[in-house]
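Below is one structure, written out as structure tokens; the observations come after it.
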2 protein chains.
Amino acid sequence: MLSERQKMILRMIVEDYVQSAEPVGSRSISKQGDTGLSAATIRNEMADLEEQGYLEQPHTSAGRVPSQQGYRYYVDHLLQLGERLRPEEISKMKALFSERVDEIEKVAQQTALYLSTFTQYTAVVLGPQVYENTLRSLQMVPINEHSAVLLVVTSTGQVQNKTVSFPEDIPLSQVEKLVRFLNEKLVGTPVYQMRSRIFEEISHEVARQMRDFEEAQRILDQLLAVISAEKDGKLFLGGTTNMLLQPEFHNVEKAKSVLSWLEHHDLVSRALMQESKARGPLSVRIGGENELSTLQDCSLVTATYQIGGDPVGVIGIIGPTRMEYGRVIGMLDYLSKEMSHLVTKWYSG
Amino acid sequence: MLSERQKMILRMIVEDYVQSAEPVGSRSISKQGDTGLSAATIRNEMADLEEQGYLEQPHTSAGRVPSQQGYRYYVDHLLQLGERLRPEEISKMKALFSERVDEIEKVAQQTALYLSTFTQYTAVVLGPQVYENTLRSLQMVPINEHSAVLLVVTSTGQVQNKTVSFPEDIPLSQVEKLVRFLNEKLVGTPVYQMRSRIFEEISHEVARQMRDFEEAQRILDQLLAVISAEKDGKLFLGGTTNMLLQPEFHNVEKAKSVLSWLEHHDLVSRALMQESKARGPLSVRIGGENELSTLQDCSLVTATYQIGGDPVGVIGIIGPTRMEYGRVIGMLDYLSKEMSHLVTKWYSG
DNA sequence: ATTAGCACTCAACGATTAAGAGTGCTAACA
DNA sequence: TGTTAGCACTCTTAATCGTTGAGTGCTAAT
């Protein structure tokens, strides 16, 4: 258990170190205004804090650095979520969300950009992924005799498309008939039920109507591929190279490992999705708390945005464990709420 | 003018330096097998080459390094484009192009990936951008009473979509009528003519039919926005972080400047487009030959791929000036030809 | 309980030195 | 005349060695 004084000292150390990126000595804490304590006293407390695992010493005769546990305690107990956001930042963000929005993806992209420029860390935004989405319309536009573009439009206006081709011996009219049939049967079906409904109810019926069972299957498969592509929410990154601004990533090896990971959007998406499921609407993963080995030296802070309580997307920040948790959390909190409003309005018409 | 021997020495120096990234000394050239020349002779020739601007010396008593002019001469005169590609690479690339392709974008993405993994540089692929594309179909799928998804399908199967909303007082039927009308008038129109045709022929006619001229205009504007979004070919990157593998980018500042540039897809696209227009089907820009200050320390090698002689896209490699030009050019040459075949087949049905 | 004082530790920095790679030049040689 | 061996010279790189200074831990006094 930490005394009030220890808490204060721990907070000061964390905040000092986050700014300076250099080990914090007892003197600089002692001198820092309000504490009427001498360096020696601070030293004693620091030794205590170190013994309890909240601080670390890079080497004897260096100052102290917060340990992972130290950051954790700071985030859990010492963070005052007072408005750390600067007014001009708030007004910029307000502007972003008050603009006429006609593409949710633009907003996601912009959010990532703002987040990253304001924080100087790397921002990730996982686009909304609405499972309650239903099929609005299935359209086919023929391109030539044996291929066509298949369009899937969902109730929220998201569009997926894929060019499919079918063998010469199947006439276009046949395929058109199939699409009409699917439309009749499937419009209004939630996207996440699509797969099972196709298999259980539609598949055999289609086969009966079409001469060639295998071909019907193939076309259905392609259709499914279009729909499942929809399932992965789109990922937007902002300020990827901000990683390189942080002294802890001046080591090119480390930088490369994180940056390459960020190149694999599928992996990042998965990690974010998992995060939003495992933890609540706001999650802070510090260093080793991350399961991915790539992120051992990073902190990942994420917030979900929701429609009526249902999380549909994630926004987050990736940076060094030495992170301005207050600002980051504040900003994510603010933006995730704005995003929630926006998508709620958007998806309810 | 360079003597044959000087050419040989220049070539050896370039190739040695490209491998080792360390200044090349006279000894190592002399020892290197086939030349029956002593180090002293090499030294004399090297001094000559330096005087003529083909080589540089980082400092007295270091070996020589090719200058920009040196690389230029190497690329222009010394490169034997013999098959530097390894058989297993060729077979992998063959596999890529022989697969059943149903999305050109997958191929572009894969090409970027292969290029970057084979070369260890950063690869860029500018997706095909076919100006001869004509409008195949304009579709509208209503989402609710006052908004709908607008779909533009081109003759090559590319799809653009945008959610548009219209004011409450305009009934859906009115908009549907507009879309039908536009479809009748515009199907078959080349994309690049769309804008002018709408303004010159359609605009006023639409206004006559619709009660509110301004509203008609607004909807047409949105439609145009969808079509022009099409104009920028999509950009695919591969191995962005490979940049960090190169010793010349261990300097974080330099690395950051190039990597941040790569984040701005619009800028990169523009640069590539310009490159393909200014230079022929294969362009090599070495260091300062690049206009962008970001690329002063890089080489940018690009190749266009074509449909019947018309360039429709670009593939390229970005790396340090100390680049394996032979391999890179060979690979780009091969892949651009394959891409040409593919898109030609694809876009002719 | 707090603090002043002091001895001690250790990274960081700079200067000095030694090693080694590579050059340019000269003189000898074919 | 072109080539080469030899040698003195240059300059980077790495290693060594004090020196400095920040910061600690401990003790004794308040």
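In what follows, every chain begins at residue 1, and chains take the letters A, B, ... in the order their sequences are listed.
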Around A/E88, counting heavy atoms of other residues, nucleotides and ligands shown, do more than 12 lie under 6.0 Å from its CD?
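Above 12, so yes.
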Report task. Can you see which heavy atom on B/T304 is nearest to which on B/S336, and at what distance? Result ->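 Taking B/T304 first and B/S336 second, the nearest heavy atoms are O-CB, 3.5 Å.
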Exercise for the section: Determine the minimum heavy-atom distance between B/Y121 and B/G319, stating which atoms define it. Expected result: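 In this case the closest contact between B/Y121 and B/G319 is CD2-CA, 4.1 Å.
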With sugar-phosphate taken as primed atoms, P, OP1 and OP2 and all else as base, the protein-contact string of nucleotides 12-30 of chain C at under 4.0 Å (heavy atoms; B, S, -) is ---------BBBBB-----
Q) Is any side-chain heavy atom of A/T122 closer than 4.5 Å to a side-chain heavy atom of A/S116? A)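 Sidechains of A/S116 and A/T122: no contact.
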Between [N] ([atom2]) and [X] ([atom1]): distance, integer Å:
X	N	atom1	atom2	answer
A/Y17	D/dG23	OH	C1'	16 Å
B/E45	D/dT1	CD	C1'	14 Å
B/I9	D/dT3	CD1	C1'	12 Å
A/I29	D/dA22	CD1	P	17 Å
B/E4	D/dG2	CD	P	17 Å

| request: On the 0 to 90° scale, with breaks at 30° and 60°, tag the A/Y325-A/Y71 ring pair as parallel, tilted or perpendicular. | output: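 The rings of A/Y325 and A/Y71 sit tilted, inter-plane angle from 30° to 60°.
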So, applying side-chain hydrogen bond (donor to acceptor under 3.5 Å, both in side chains) with B/Y74, which one of B/R11, B/E15, B/K7 is it?
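Of the listed options, the one satisfying the test is B/E15.
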